[in-house]
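Accompanying notes for the structure given below.
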2 protein chains.
Amino acid sequence: MLITKFWHAGDIEMRDGFSIEELKKRLQNSRYKLTHQRQDVLEVFLNSTGEHLSAEEVHRTLRDKGYDIGLATVYRTLELMCSPEMNILQKMEFGEKRARYELKKIEENGHQHHHLICKKCDKVIEFSEDMLEGLEQKIAETCNFNIIDHQVLFYGYCQECAKKLEN
Amino acid sequence: MLITKFWHAGDIEMRDGFSIEELKKRLQNSRYKLTHQRQDVLEVFLNSTGEHLSAEEVHRTLRDKGYDIGLATVYRTLELMCSPEMNILQKMEFGEKRARYELKKIEENGHQHHHLICKKCDKVIEFSEDMLEGLEQKIAETCNFNIIDHQVLFYGYCQECAKKLEN
DNA sequence: GTTGCTGCAAAGCTTTTGCATTAGG
DNA sequence: CCTAATGCAAAAGCTTTGCAGCAAC
């Protein structure tokens with residue numbers, strides 16, 4: 001999966017704030033153990049450049065590096081890191097059959113970013129935009145729904161594929 | 001899956017515009033055949049009250065009615081009806097492993113509706129809201145991306161589950 | 001009569017689970 | 001030590017596919 005990054009002007013600054021130390025702290029808070037497998041999985045994300053990784057890709061990356069880890073452990077670790085308790089990874093589904101994960105990056109305004117997905121080549125373009133400003137609260141009030149997370153997906157054609165389709 | 005409907009004031013009026021005649025017309029335009037299986041699948045959606053149906057639910061509904069149809073055919077039919085050519089159904093993924101489908105309902109303003117998904121009981125609440133007004137075009141221009149569809153998902157806790165979690 | 005469609009069963013993929021073994025605290 | 005975590009392999013789902021027979025046009 002090709003990932004093209006696009007940050008809207010004014011929303012560029014981000015903070016990840018994740019490290020092995022932070023992982024250790026959060027694990028201890030919940031009486032989980034700091035295994036080397038969990039460290040290894042986190043490091044894959046810390047070393048990746050914002051890619052949306054699938055469980056199998058994380059597993060293969062570690063195996064290729066010579067680390068010995070089972071796929072089941074990768075799945076269990078990903079789930080743990082996505083839990084509200086740990087809150088380290090974000091799980092996403094782009095309409096493929098496999099799920100993808102990325103570090104939970106919080107922008108200054110507290111919003112996640114959103115995704116443009118090309119229907120032809122599956123390229124994922126990220127964008128950051130404050131259009132949801134105030135909307136969450138409005139929905140929460142009107143629908144009596146306590147929002148803790150959201151995901152916005154736009155489907156369409158990227159520039160390259162739009163050109164190809166014209167021909 | 002429990003579906004609670006909520007239509008924001010002012011966005012209530014909708015038009016479906018689907019019928020067997022319409023199906024026939026669209027099939028013929030693309031040299032597809034009007035089989036009774038395809039009619040039957042469409043009728044399940046026409047008779048349903050806005051539910052988000054999975055392939056297996058469509059299959060079971062038809063089997064229960066005494067119609068004889070294979071699950072593979074249901075899948076093939078659903079895929080066909082989701083294609084841009086047919087443009088009759090909308091495929092959605094709510095983070096379950098199975099996909100769900102519903103009639104492509106277009107609101108007066110041309111927007112689809114959006115979903116609130118309870119993290120605890122999986123209830124899906126629909127809401128309609130014009131907050132994306134102008135945003136699509138803005139994104140299209142800034143990102144050079146030709147948007148043809150979108151899906152907005154909010155995750156959180158519905159009123160009932162929020163209460164239970166307090167205890 | 002052609003060509004596409006269906007049904008069945010098998011295969012494919014991703015993800016989950018049971019259980020004996022290992023390792024963190 | 002004690003409990004949680006791991007690895008493996010098997011199972012579980014959902015979805016897709018190959019192919020022979022059937023139905024639409």
Side-chain angles (χ1 to χ4, degrees), chain A residues 1 20-21 23-42 44 52-63 66-83 85-86 88-89 91-101 122, chain B residues 1 20-21 23-44 52-63 66-83 85-86 89 91-101 122:
Chain A
M1 178 187 271
I20 300 299
E21 276 313 303
L23 172 64
K24 193 172 172 181
K25 191 162 46 168
R26 295 192 193 186
L27 287 170
Q28 285 175 334
N29 280 344
S30 306
R31 287 188 215 79
Y32 292 122
K33 292 176 179 174
L34 178 67
T35 63
H36 67 82
Q37 287 93 336
R38 287 174 178 167
Q39 293 186 53
D40 293 345
V41 167
L42 178 55
V44 170
H52 307 72
L53 300 169
S54 67
E56 198 275 334
E57 284 168 352
V58 172
H59 183 237
R60 192 162 32 78
T61 300
L62 288 171
R63 282 287 172 103
Y67 295 90
D68 205 26
I69 185 171
L71 183 54
T73 301
V74 171
Y75 273 106
R76 285 185 281 233
T77 302
L78 292 173
E79 191 193 0
L80 177 67
M81 291 189 178
C82 286
S83 71
E85 269 180 301
M86 299 301 293
I88 289 176
L89 294 180
K91 181 178 185 176
M92 284 162 302
E93 325 231 4
F94 291 134
E96 303 169 301
K97 45 182 72 174
R98 78 187 86 184
R100 292 186 172 275
Y101 304 81
D122 286 335
Chain B
M1 180 187 270
I20 300 299
E21 277 312 304
L23 172 65
K24 193 174 173 180
K25 192 163 44 169
R26 296 192 193 185
L27 288 171
Q28 286 174 335
N29 280 344
S30 306
R31 286 186 214 80
Y32 292 121
K33 291 176 179 174
L34 178 67
T35 63
H36 67 81
Q37 287 92 335
R38 287 174 179 169
Q39 293 185 53
D40 293 345
V41 168
L42 178 55
E43 270 172 7
V44 170
H52 307 73
L53 301 169
S54 67
E56 197 275 334
E57 284 168 353
V58 171
H59 183 237
R60 192 162 33 79
T61 301
L62 288 171
R63 282 287 173 104
Y67 294 92
D68 205 25
I69 186 171
L71 182 54
T73 301
V74 172
Y75 274 106
R76 284 185 282 234
T77 303
L78 292 173
E79 191 192 1
L80 177 67
M81 292 189 177
C82 286
S83 70
E85 269 179 301
M86 299 301 292
L89 294 181
K91 181 178 186 176
M92 284 162 302
E93 325 231 5
F94 291 134
E96 304 169 300
K97 45 181 70 172
R98 80 187 86 183
R100 293 187 171 275
Y101 303 81
D122 286 336

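Below, chains carry the letters A, B, ... as their sequence lines are ordered, and counting in each starts from 1. Quick note: numbers below take in every heavy atom, side chains included, and nothing from hydrogens, waters or symmetry partners.
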Note: for B:Q28 and B:S54 on DNA chain D, the residue whose nearest nucleotide lies more 5' is B:S54
Does the side chain of B:T73 pick up a donor-acceptor pair with the side chain of B:Q37 at under 3.5 Å? no
Please name the pair of heavy atoms, one in A:Y32 and one in A:M86, separated by the smallest distance, quoted to 0.1 Å. CD1-SD, 4.2 Å
Are any side-chain N or O atoms of B:R26 and backbone N or O atoms of B:E85, one a donor and one an acceptor, separated by less than 3.5 Å? no
List the atom of B:L23, the atom of B:R38, and the distance in Å for their closest heavy-atom pair. CD2-O, 3.8 Å
Per nearest nucleotide of DNA chain C, the residue lying toward the 5' end, B:K97 or B:R31, is B:R31
Exactly one of A:V41, A:D40, A:L89, A:T35 clears side-chain contact (heavy atoms from CB on, under 4.5 Å) with A:T77, and that residue is A:V41
Chain B contact limits on DNA chain D, taken 5' to 3' with a cut-off of 4.0 angstrom to heavy atoms: D:dC14 to D:dC25
Give every pair of a protein N or O atom and an N or O atom of nucleotides 22-24 of chain C that lie under 3.5 Å apart, one pair per line with the distance.
unit_1, atom_1, unit_2, atom_2, d
C:dG24, N2, A:K33, NZ, 3.3
C:dG24, N3, A:K33, NZ, 3.3

Which parts of residues 69-78 of chain B get close to DNA chain C, meaning a heavy atom less than 4.0 angstrom away? B:I69, B:G70, B:A72, B:T73, B:R76
Take the protein atom CE of B:M81 and the nucleotide atom C1' of C:dC5, then report the distance between them rounded to whole Å. 13 Å
Which atom pair, heavy atoms only, marks the closest approach of A:R100 to A:E57? NH1-OE1, 3.2 Å
Looking at A:R60 and A:E56, does any basic side-chain N land under 4.0 Å from a carboxylate oxygen? yes
Grab the CE-C1' distance between B:M86 and C:dC5 for me, whole Å please. 14 Å
Write down the distance between CD (A:E56) and P (C:dT15), rounded to a whole number of angstrom. 10 Å
Got a second to check how far A:Y101's OH is from A:H52's NE2, nearest 0.5 Å? 13.5 Å
Taking atom C1' of C:dT6 as reference, at what distance in whole Å does atom OH of B:Y32 sit? 16 Å
Give the minimum heavy-atom separation between B:L71 and B:H59, together with the two atoms involved. N-NE2, 3.5 Å
For residues A:E21 and A:K25, determine if any side-chain heavy atom of one lies less than 4.5 Å from a side-chain heavy atom of the other. no
Could you check how far CG of B:L62 sits from C1' of C:dT6, rounded to whole Å? 14 Å
More than 12 non-hydrogen atoms from neighbouring residues, nucleotides or ligands closer than 6.0 Å to CD on A:E79, yes or no? no
